[in-house]
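Atom set for the values below is all heavy atoms of this structure, side chains included, hydrogens, waters and symmetry mates excluded.
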Amino acid sequence: QSIINTGKPYSFRQIISKSTRICKCFSKRKFSDISRRFLSFDEVVAQRRAEAKRSLVVQVNSEASFNELYGYCSKYASVNGIHHYKNSGDEHFMLIEFKTEEESKKVIHSCSSHQKDVDVMALHSPFLWFRAVSGKKEAFQIPKSQLMTTKGCNSIDEDNLIEELANCEDVSEQIQQMHDRTALNDLGVRLRYMVARQIERIFESLYANIVVRPFGSSVNGFGKMGCDLDLVLTNILNEEMCDSSKRLVYQEKKCEGGRSPWQRHMELVGELLELRVPGATRVQRILHARVPIVKYAHEFTDVDCDLCYNNMSGVYMSELLWLYGSLDPRVRPLTFVVRRWAQTVGLTNQHPGRWITNFPLTLMVLFFLQQKGKDGCVLPSLKTLVQYAGKEDVRLAEENLNCTFLRDMNKLPTDTYGQNKANLETLLLQFFEFYAQFDFHDKAISINEGVAIRKPNTLPLYIVNPLEQALNVSRNVSYEECERLKLEVRNAAWLLDAGLDGKKTDGWGILGLIERKSTRGLKNLLKVGNSHRLVSVKDLFNNDDDKIEKVNAKRNSE
Ligand code: CTP
Ligand code: MG
C-alpha cells in the first residue's frame with residue numbers, strides 16, 4: 001500500500017524487495033505475538049503500580065453516593081472505573097481509577113483539608129472522604145460503560161463456599177472452585193497497591209528514589225482474600241543519581257551512632273506511620289530482628305501490613321513463586337487447597353511459632369509438581385530456570401545475593417515442563433501420597449534440584465531456601481510439628497482416597513479435608529462403609545493407626 005501511495009515509478013525488483021521486507025516485518029511481529037503467552041512479573045507489577053498512581057480511595061456515605069461522586073470527579077478528570085467496597089467497620093469506600101496519573105493529581109490538588117482543626121496537620125494522600133452537602137443534589141448522566149463494580153473484597157461466606165463445593169461435579173471442580181472463590185480478587189490487589197502507594201507518596205519528600213513494593217502472598221499469585229500485606233521499602237540509588245561527572249552534589253545527612261542506620265530509619269518510619277499516615281493504626285516496631293519490621297493495620301482497607309526495609313530477596317522470591325504459578329493453571333488451585341487443608345488441621349497458624357507456614361508449604365507443593373513420574377513433571381526445577389537465564393535476568397539482592405533466573409517464561413522450552421497432564425483430583429491425592437512416603441528423616445526438599453537431596457543437618461524438616469541454598473526455610477519447625485505434618489498427610493491421603501468412590505456423602509471430596517478436623521472425616525467415612533478402601537491404603541500408614549487416633553483425639557480435646 002505504501003508503495004502504491006507514493007506514486008513513484010518503482011521497478012519490479014524494488015517492489016519485490018520492499019514487499020518482502022514488509023512481509024518479513026509483519027510475520028515476525030505476528031509470530032512473536034503468538035509465541036508470547038506469558039506476561040512477566042515486572043510487567044504485571046509496573047501495570048499495577050501505574051494503576052495505583054492513577055487511583056484514589058474515597059470514603060462515602062453509602063453505595064448511593066456513586067452518582068454524585070462520579071459527577072463531582074468527572075468535572076476534574078475522566079474516570080476509568082469505580083469499585084465499591086465496605087470495610088469491617090461497615091464504612092463505605094469507592095476506589096476511583098482515572099485515565100491518567102496527571103488527572104488523579106489534579107483531583108488531589110482540588111481537595112480541601114479538615115475544617116481549621118489545630119490537631120490536624122494538612123497532608124495530601126490518595127485516601128479521601130466525600131463531604132455530604134445539604135439541599136438538592138445534581139443528577140449526572142453516567143455512561144453505561146462506567147457502572148460501578150460492587151463485588152467488594154471480603155472473604156466469601158464460609159457456609160456458601162461449603163455449599164458450592166458440595167454441589168460440584170467432581171473433586172477437580174471442587175479444587176478449582178475453591179481457588180476461584182477464595183483467591184485475592186482484582187479489587188483486593190488494587191487496594192494493596194494503594195496502601196503501598198500511600199506511604200510511598202508520603203515518604204517521597206524525605207527519601208529520594210523511594211519505592212514501596214508489595215511482596216509475599218499479595219502479589220505471588222497464592223494470596224487469598226484478606227491476606228496480609230508484606231511491604232518492602234527501598235531507597236536504591238540509580239546510576240544517574242551517582243553520576244560523578246555532575247559537579248553539583250547534594251549535601252546529605254550521615255546517620256551517626258552505633259546502631260544500623262536502617263534500624264533508626266525504620267524507627268522514624270514507625271513514628272511517621274503513627275503521626276502522618278491516615279488509616280494506619282496499631283503500629284508495632286520489631287526492630288531488633290535480622291530484618292527490622294514495622295507492623296501496622298490499615299483501617300480503611302482492612303489490611304494488616306508488615307513493612308520492612310531493603311528486603312529485595314523477598315520480592316525476587318515472590319517473583320519466582322508467581323512465575324511458577326503462571327506456568328501451569330493447576331499450580332495455584334492445588335496450592336490453595338493444600339494451604340487451606342493445612343489451616344483446617346491446624347498445621348499452620350496465623351501466629352509465628354514452631355510450626356510450618358504457608359511459604360514453605362507452597363515450596364512443598366512446587367517440589368511435588370517437579371517430580372518426574374512416569375508421565376513426566378508439571379514444573380521445571382529452579383536449576384532449569386537458572387540455566388535458561390540471560391543477561392537481562394541478572395539480579396543481585398541485598399548482600400550480593402544472586403537472584404538470577406529466567407524471567408520470561410516464553411523463552412522456556414516447552415519440553416522442560418507440563419508433560420504430566422493429570423487432573424487436580426489426581427494431583428492432590430498424589431501430593432498427599434508423595435509426602436506420606438517421603439523420607440523426612442534423611443532428605444531435604446529442594447526446588448532448585450527438583451529431587452530430594454541429603455539433609456545437611458538433623459533439623460526435623462529441611463526445605464532449602466531457593467535463593468539462599470545454605471538456609472533452611474523451615475528451621476523453626478519442631479520435631480513434634482514435623483511428626484504432625486507426616487501424620488496429617490497420611491490422614492489426608494487416606495481420607496481423599498477413601499472418598500473417591502463417586503458417592504457424594506457428607507464431606508465428600510475435599511470437604512473432608514477443609515471443613516473439619518480429619519478424625520471426624522475419618523469417622524464419617526468409616527460409617528458410610530468405605531472400610532475396603534481403608535484397607536487398600538493401609539500400607540501407607542505402617543500400622544500407625546492407633547497413633548493417628550491418639551494424636552487427633554488429644555488435639556481435638558485441646
Ligand atoms: N520469604 C522469604 N524467605 C523466608 C520467608 C519468607 O523469602 N524464609 C518471602 C517469600 O517471598 C514470602 C514472603 O517473604 O512469600 C512473605 O512471607 P510470609 O508472609 O511468611 O508468606 P506469604 O507467602 O506472604 O504467605 P501468607 O499468606 O501466609 O502471608
Ligand atoms: Mg505474607
Tell me whether the count of non-hydrogen atoms from other residues, nucleotides or ligands lying under 6.0 Å of NZ in Lys372 goes above 12.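 No, NZ of Lys372 has 12 or fewer neighbouring heavy atoms, counting only those of other groups under 6.0 Å.
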
Residues in salt bridge (charged side-chain N to carboxylate O under 4.0 Å, His left out) contact with [X], at least two apart in sequence or another chain:
{"X": "Arg354", "answer": "none"}
{"X": "Lys411", "answer": "Glu392"}
{"X": "Lys295", "answer": "Asp306"}
{"X": "Glu158", "answer": "Arg340"}

Return the minimal non-hydrogen interatomic distance between Arg484 and Val345, and the atom names on each side.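 Where Arg484 meets Val345 most closely, the heavy atoms are NH1-O, 3.7 Å.
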
If you take all heavy atoms of Asn358 and Thr348, which pair is closest and at what distance?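 Minimum heavy-atom contact is OD1-CG2, 4.1 Å.
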
Please report, to 0.1 Å, the donor-acceptor pairs under 3.5 Å made by any side chain of residues 222-236, with sequence neighbours excluded.
| residue | atom | partner | partner atom | Å |
| --- | --- | --- | --- | --- |
| Lys224 | NZ | Gln343 | OE1 | 3.4 |
| Thr234 | OG1 | Arg213 | NH1 | 3.1 |

Take Glu398 and Ser313 through the side-chain hydrogen bond (donor to acceptor under 3.5 Å, both in side chains) test and state the conclusion after the steps. CA-CA 7 Å; Glu398 62 281 358; Ser313 60; 2.6 Å; yes

About how many Å separate [atom2] of [Y] and [atom1] of [X], when rounded to the nearest 0.5 Å?
{"X": "Phe368", "Y": "Ile447", "atom1": "CZ", "atom2": "CD1", "result": "15.0 Å"}
{"X": "Thr416", "Y": "Lys383", "atom1": "OG1", "atom2": "NZ", "result": "13.0 Å"}
{"X": "Leu369", "Y": "Gln430", "atom1": "CG", "atom2": "CD", "result": "10.0 Å"}
{"X": "Asn465", "Y": "Gln469", "atom1": "CG", "atom2": "CD", "result": "8.5 Å"}
{"X": "Ser446", "Y": "Lys455", "atom1": "OG", "atom2": "NZ", "result": "14.5 Å"}
{"X": "Glu91", "Y": "Tyr85", "atom1": "CD", "atom2": "OH", "result": "9.5 Å"}

Which residue pairs satisfy the salt bridge (Lys or Arg N to Asp or Glu O under 4.0 Å) criterion with at least one member in [range], sequence neighbours excluded?
{"range": "residues 464-480", "answer": "none"}
{"range": "residues 308-336", "answer": "Glu319-Arg407, Asp328-Arg330"}
{"range": "residues 174-187", "answer": "Arg48-Asp186, Glu164-Arg181, Asp186-Arg190"}

Once you measure the plane-to-plane angle for Phe431 and Trp341, does it fall in the parallel (<30°), tilted (30-60°) or perpendicular (>60°) bin?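 Geometry flag for Trp341 against Phe431: perpendicular rings.
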
ring-ring contact (aromatic ring centres under 6.0 Å, His included) partners of [X], counting only residues at least two apart:
{"X": "Trp322", "result": "Phe41"}
{"X": "Phe300", "result": "Phe93, Phe127, His298"}
{"X": "Phe440", "result": "Phe438"}

Strictly by modelled atom types, are [X] and [Y] linked by a side-chain donor-acceptor pair under 3.5 Å?
{"X": "Arg339", "Y": "Thr362", "answer": "yes"}
{"X": "Asp170", "Y": "Ser172", "answer": "no"}
{"X": "Ser474", "Y": "Asn476", "answer": "no"}
{"X": "Asn423", "Y": "Thr426", "answer": "yes"}
{"X": "Ser40", "Y": "Asp42", "answer": "no"}

Checking Asp159 now: which residues fulfil side-chain hydrogen bond (donor to acceptor under 3.5 Å, both in side chains) with it, not counting sequence neighbours?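 Partners of Asp159 by the side-chain hydrogen bond (donor to acceptor under 3.5 Å, both in side chains) criterion come out as none, since no residue qualifies.
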
Indicate yes or no for a side-chain donor-acceptor contact from Lys504 to the backbone of Glu169 under 3.5 Å, with no hydrogens or angles considered.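 Yes.
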
